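Comments concern the structure below.
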Amino acid sequence: MEVYEGKAKKMIPLDDGKYLMEFKDDATAFDGKKKAQFKGKGWLNAQISAKIFKLLEEHGIKTHFIGIAGDNKLIVEKLEMYPIEVVVRNIVAGSLKRKLPLKEGTELKEPIVELYYKSDELGDPMINYYHAKILGVSEEEIKEMEKIALKVNEVLREYFKEKGILLVDFKLEFGKNAKGEIVLADEISPDTCRFWDAETKKSLDKDVFRFDKGDLISAYEEIYRRIMD
Ligand code: 5GP
């Protein structure tokens, strides 16, 4: 069985239909054009993801999370992954500024859900239901992913609000399990979410690295500290 190595994680197959998901200290941005390593990032993202997956499971959302296996590794269910990224947005930031005439920080009246094709070669282009169908993903499956993504947003937005953090936007990935169910996969961490301090609006996520806004580890530690409280 193959080991899959991505930019920030390694997937190591176990012999019982499970995977070890190992979080690396590597950080990349802008389609891998910007690269660095941050000691401790893998550990922080593994712990933060585990905590969030547990919270979502408590709210009835199916995730691939099974358990923590040491410092920077999670045990997860083996899934057949969809080549789709589902992004949910609550506040204007990032690439949305290039799509709509809205200023950064504007609160959206309702969340926006977007679909992207996960492809380094093509630079993760935004797609719609028609494109997804050509990629082998039906409209019904997309609708189910969007429904789960909006439920995740409801749960996480409220949870982070209580911790003094604004959930600006985030990216989710899904897979299908042996029973044919659509299951939330990948990670949910400051690498995949935009988190702003509710008071200062300071970034506590990968934008710190993308735009040289300070010390990445301090920002991720701040998220860790607040969710472990
Ligand atoms: P944007 O489209 O504004 O660049 O990203 C929206 C949100 O999705 C941000 O929270 C961003 O971190 C996350 N996101 C989008 N694409 C990716 C991706 O390929 N990798 C990671 N780690 N996060 C992504």
Side-chain angles (χ1 to χ4, degrees), residues 5-12 20-30 32-59 61 63-76 85 87-91 93-94 104-105 152-173 184-229:
E5 181 149 11
K7 288 179 290 227
K9 293 189 297 291
K10 213 189 264 185
M11 300 295 290
I12 304 149
L20 263 186
M21 186 162 73
E22 184 183 319
F23 289 69
K24 304 196 283 188
D25 284 343
D26 301 275
T28 64
F30 310 117
K33 285 184 206 87
K34 184 168 179 173
K35 280 186 204 156
Q37 277 213 328
F38 297 94
K39 199 171 172 356
K41 181 174 92 76
W43 182 85
L44 282 160
N45 278 352
Q47 304 302 315
I48 293 168
S49 276
K51 174 87 183 179
I52 293 177
F53 281 135
K54 278 186 220 164
L55 173 79
L56 294 175
E57 291 274 355
E58 282 164 22
H59 284 81
I61 296 165
T63 80
H64 69 159
F65 177 73
I66 296 170
I68 298 181
D71 280 352
N72 62 340
K73 294 184 197 71
L74 305 184
I75 301 171
V76 298
E85 297 184 342
V87 168
V88 182
R89 304 177 181 275
N90 298 306
I91 297 173
E104 171 141 313
V152 168
N153 187 46
E154 260 175 46
V155 173
L156 293 188
R157 210 176 170 183
E158 191 53 37
Y159 176 76
F160 280 104
K161 191 174 160 196
E162 282 167 18
K163 313 277 181 188
I165 295 165
L166 297 175
L167 178 61
V168 175
D169 55 33
F170 57 93
K171 182 259 304 179
L172 301 177
E173 292 183 31
L184 183 58
D186 198 53
E187 68 181 293
I188 303 181
S189 74
D191 266 15
T192 61
C193 303
R194 281 198 174 91
F195 295 124
W196 291 355
D197 180 277
E199 291 279 310
T200 64
K201 307 286 191 294
K202 234 178 78 184
S203 291
L204 297 170
D205 56 57
K206 201 162 116 178
D207 275 354
V208 171
F209 167 64
R210 290 189 187 101
F211 305 111
D212 301 313
K213 291 179 173 192
D215 179 40
L216 176 134
I217 293 296
S218 315
Y220 285 34
E221 273 172 355
E222 182 64 24
I223 294 293
Y224 175 77
R225 194 183 60 73
R226 290 203 210 175
I227 68 174
M228 295 300 165
D229 258 1

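Note that the coordinates shown come from a computational prediction; the quantities given were computed from them, not determined experimentally. Sequential numbering from 1 along the given sequence is applied to the chain's residues.
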**Study point:** Listed partners of Lys163 passing salt bridge (Lys or Arg N to Asp or Glu O under 4.0 Å), at least two apart
**Key:** none
Review point. Are Leu55 and Ile61 close enough, and set up right, to give a side chain to side chain contact (heavy atoms under 4.5 Å, CB included), and what steps lead you there?
Key: CA-CA 9 Å; Leu55 173 79; Ile61 296 165; over 6 Å; no
Check your understanding: About how many Å separate NZ of Lys171 and CD1 of Ile188, when rounded to the nearest 0.5 Å?
Key -> 9.5 Å
**Study point:** Worked check of ring-ring contact (aromatic ring centres under 6.0 Å, His included) between Phe209 and Phe38
**Key:** CA-CA 10 Å; Phe209 167 64; Phe38 297 94; 5.6 Å; yes
Exercise for review: Starting at CG of Asp212, measure out to CG of Asp207 and round the result to the nearest 0.5 Å.
Suggested key: 11.0 Å
Study note, to complete from the structure: Separation between CG (Leu166) and CG (Asn90), nearest 0.5 Å, reads 9.0 Å
Revision key, fill the gap. Partner of Leu74 under side-chain contact (heavy atoms from CB on, under 4.5 Å), picked from Gln47, His64, Met21, is Met21
Check your understanding: Listed by chain and number, what are the side-chain hydrogen bond (donor to acceptor under 3.5 Å, both in side chains) partners of Asp215, not counting sequence neighbours?
Key -> Ser218
Practice item. Could you tell me whether Arg226 and Asp229 make a salt bridge, using a distance below 4.0 angstrom between a side-chain N and a carboxylate O? Key: no
Review point. Counting N and O atoms only, with roles assigned by atom type, does the side chain of Asp71 sit under 3.5 Å from a partner on the main chain of Trp43, one being a donor and the other an acceptor?
Key: no
**Study point:** Nearest non-hydrogen partners of Trp196 and Lys201, listed with the distance
**Key:** CG-O, 3.9 Å
**Study point:** Audit row: Lys213, Ser203, side-chain hydrogen bond (donor to acceptor under 3.5 Å, both in side chains) steps and yes/no
**Key:** CA-CA 8 Å; Lys213 291 179 173 192; Ser203 291; 2.9 Å; yes
Revision key, fill the gap. Across all chains, not counting sequence neighbours, the side-chain contact (heavy atoms from CB on, under 4.5 Å) partners of Lys73 are Leu20, Glu22, Ala69
Check your understanding: Does the pair Ile52 and Phe160 meet the rule for a side chain to side chain contact (heavy atoms under 4.5 Å, CB included), with working shown?
Key -> CA-CA 10 Å; Ile52 293 177; Phe160 280 104; 3.9 Å; yes
Point to revise | Asp205/Arg194 under salt bridge (charged side-chain N to carboxylate O under 4.0 Å, His left out): CA gap, chis, key distance, verdict | key: CA-CA 6 Å; Asp205 56 57; Arg194 281 198 174 91; 5.3 Å; no
**Study point:** Heavy-atom donor-acceptor pair, Ser49 side chain to Ala46 backbone, under 3.5 Å
**Key:** no
Review point. More than 12 heavy atoms of other residues, nucleotides or ligands under 6.0 Å from NZ of Lys24: is that the case?
Key: yes
Exercise for review: Would you mind checking if Asp25 and Lys39 are paired as a salt bridge, meaning a charged N to carboxylate O distance below 4.0 Å?
Suggested key: no
Check your understanding: Judged by atom type as modelled, is there a donor-acceptor pair below 3.5 Å linking the side chain of Tyr159 to the main-chain atoms of Ile227?
Key -> yes
Practice item. Flag the pair Glu222 and Arg225 as a salt bridge only when some basic side-chain nitrogen lies within less than 4.0 angstrom of an acidic carboxylate oxygen. Key: yes
Study note, to complete from the structure: Taken to the nearest 0.5 Å, the spacing of Glu221 CD from Ile48 CD1 works out to 9.5 Å
**Study point:** Test item: Val76 and Met11 side chains (from C-beta on) under 4.5 Å apart, heavy atoms
**Key:** yes
Exercise for review: Test Val88 against Phe170 for side chain to side chain contact (heavy atoms under 4.5 Å, CB included), laying out the working first.
Suggested key: CA-CA 6 Å; Val88 182; Phe170 57 93; 3.5 Å; yes
Check your understanding: Which atom names give the shortest non-hydrogen contact between Lys41 and Ile217, and what distance separates them?
Key -> N-CD1, 3.6 Å
Check your understanding: For the atom pair CD1 (Ile12) and CD (Glu5), what is the distance rounded to the nearest 0.5 Å?
Key -> 8.5 Å
Point to revise | Heavy-atom pair of closest approach, residues Val208 and Ala219 | key: CG2-CB, 4.0 Å
Study note, to complete from the structure: Between Arg210 and Ala29 the two heavy atoms that sit nearest each other are CG-CB, 3.8 Å
Practice item. Nearest 0.5 Å please: distance from the CG atom of Leu167 over to the CD1 atom of Ile91. Key: 8.0 Å
**Study point:** SB check Asp26 Lys10 (cutoff 4.0 Å)
**Key:** no
Practice item. Quick one: do Tyr220 and Asp191 satisfy side chain to side chain contact (heavy atoms under 4.5 Å, CB included)? Show the steps, please. Key: CA-CA 9 Å; Tyr220 285 34; Asp191 266 15; 2.5 Å; yes
